[in-house]
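Structure, as structure tokens:
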2 protein chains.
Amino acid sequence: MADFTDDLPGEDLIPLLKALAEPNRLRIFAELMHGNSCNGKLQEKLGLPANLLSHHLQVLSKAGLVTSRRDVIDGRWIYYSLNQDIVMRWHDWFAFFLDPARIKERPFCGPEGNCGEEIPLTALTLDAR
Amino acid sequence: MADFTDDLPGEDLIPLLKALAEPNRLRIFAELMHGNSCNGKLQEKLGLPANLLSHHLQVLSKAGLVTSRRDVIDGRWIYYSLNQDIVMRWHDWFAFFLDPARIKERPFCGPEGNCGEEIPLTALTLDAR
DNA sequence: ATAGTATTTCAATATTAATTGAATCAGTGA
DNA sequence: TCACTGATTCAATTAATATTGAAATACTAT
């Protein structure tokens with residue numbers, strides 16, 4: 001697995017998250033997890049108009065998640081499938097990024113934690129008495 | 001780990017994805033992975049105005065990612081931290097949802113795959129000869 | 001009470017993105 | 001060429017969201 005030493009997410013993270021953060025696109029993605037499909041088939045399965053599907057598929061493609069190719073017999077058909085390498089890459093990245101073990105315990109930054117800029121002596125001395 | 005037999009994501013998935021799909025909120029989230037913080041501290045760290053931070057923190061809260069509490073000494077300070085249980089839950093869910101091993105190989109749905117509604121006999125017989 | 005601080009809420013604007021209908025493109029078959 | 005099909009592109013509208021400045025809240029300290 002790649003090492004994710006850097007916290008800052010790469011250039012393509014926001015497009016990916018935005019691609020998935022839309023209900024119809026999430027449904028398309030989930031459908032493509034079940035195998036490749038085409039515009040017409042997605043119209044049946046998801047009940048969306050062709051042009052809207054085309055738009056969402058383009059967003060998913062620009063996010064790198066989806067690849068397309070034409071049918072070799074009848075070039076009118078275009079097949080869409082998930083890019084397995086990219087899915088794997090984000091799978092690994094999310095496993096790192098959302099790892100609860102990475103959540104640090106940091107002393108609270110205000111008076112209570114005694115690490116604000118202005119040290120609240122009064123509160124502390126009052127507490128100490 | 002929970003079992004994610006159902007493909008369809010729950011009610012709260014879209015809010016979660018939308019919460020993370022915004023650059024400033026993603027930065028806030030990443031910062032909170034380093035430990036709790038408060039509005040003032042986040043202003044320093046991220047260079048965002050207080051009211052904007054307040055808004056984004058509310059979005060993260062409504063997505064269930066962030067919890068808040070007031071300082072017990074000086075109630076003007078409000079501390080924000082990540083909800084570890086929720087982060088864990090999404091960590092596990094993404095591990096399932098983006099698992100490349102789940103991507104199925106499905107025969108192509110058009111003439112090439114011979115699984116369209118109209119069976120392209122001509123193409124197949126031509127191929128068989 | 002008064003002033004001051006940390007934060008939120010409100011109202012308005014600006015920006016971005018989803019949806020829709022019509023038109024167009026690309027490919028097939030006669 | 002012509003008609004037909006699967007799919008995309010375009011232009012316009014609508015809806016959702018980020019951002020901004022001003023006002024308000026909640027709390028503390030004097």
Rounding to an integer number of Å, can you tell me how far [X] [atom1] sits from [N] [atom2]?
| X | N | atom1 | atom2 | result |
| --- | --- | --- | --- | --- |
| A:Asn24 | C:dA17 | CG | P | 16 Å |
| B:Leu52 | C:dT13 | CG | P | 18 Å |
| A:Ile78 | D:dT9 | CD1 | P | 9 Å |
| B:Glu44 | C:dT7 | CD | P | 10 Å |
| A:Leu48 | C:dT20 | CG | P | 9 Å |
| A:Leu53 | D:dT9 | CG | C1' | 15 Å |
| B:Asn39 | D:dA24 | CG | P | 20 Å |
| B:Glu112 | C:dT28 | CD | C1' | 16 Å |

Looking only at side-chain atoms of [X], point me to the closest of [options].
| X | options | answer |
| --- | --- | --- |
| B:Gln43 | D:dT20, C:dG27, C:dT7 | C:dT7 |
| A:Arg76 | D:dT20, D:dA18, C:dT28 | C:dT28 |
| B:Asp74 | C:dT19, D:dT28, D:dA7 | D:dT28 |
| B:Lys18 | C:dT7, C:dA6, D:dA16 | D:dA16 |

Indicate, with yes or no, if B:Leu46 and B:Leu60 share a hydrophobic cluster defined by side-chain heavy-atom contacts under 4.5 Å among Ile, Leu, Val, Met, Phe, Trp and Tyr.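 Yes, because B:Leu60 and B:Leu46 connect within a single hydrophobic cluster, where side-chain heavy atoms sit under 4.5 Å apart.
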Are A:Ile14 and A:Val59 joined in one hydrophobic group, where the rule is that I, L, V, M, F, W and Y side chains link up if heavy atoms are under 4.5 Å apart?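 No.
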Charged N-O contact under 4.0 Å between A:Arg106 and B:Glu31: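 Yes, A:Arg106 and B:Glu31 are salt-bridged.
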Reading DNA chain D from 5' onward, which residue's closest nucleotide shows up sooner: A:His55 or B:Asp71?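 Its nearest nucleotide being more 5', the pick is A:His55.
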Please check: side-chain N/O of A:Ser54 versus main-chain N/O of A:Ala50, any donor-acceptor pairing under 3.5 Å?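 Looks like no, no N/O pair under 3.5 Å.
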[X] side chain N/O closer than 4.0 Å to the phosphate oxygens (OP1, OP2) of [N]?
| X | N | answer |
| --- | --- | --- |
| B:His56 | D:dT17 | no |
| A:Gln58 | D:dT9 | yes |
| A:Arg70 | D:dA7 | no |

Of A:Pro49 and A:Gly75, whose closest DNA chain C nucleotide lies nearer the 5' terminus?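 It is A:Pro49, whose closest nucleotide lies nearer the 5' terminus.
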Can you find a donor-acceptor N/O pair under 3.5 angstrom joining the side chain of A:Asn51 to the base of C:dG21?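 Under the 3.5 Å cut-off, the side chain and the base do form a donor-acceptor pair.
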If you round to the nearest 0.5 Å, how far is CE of B:Met33 from OG of B:Ser81?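 So the OG of B:Ser81 and the CE of B:Met33 are separated by 13.0 Å.
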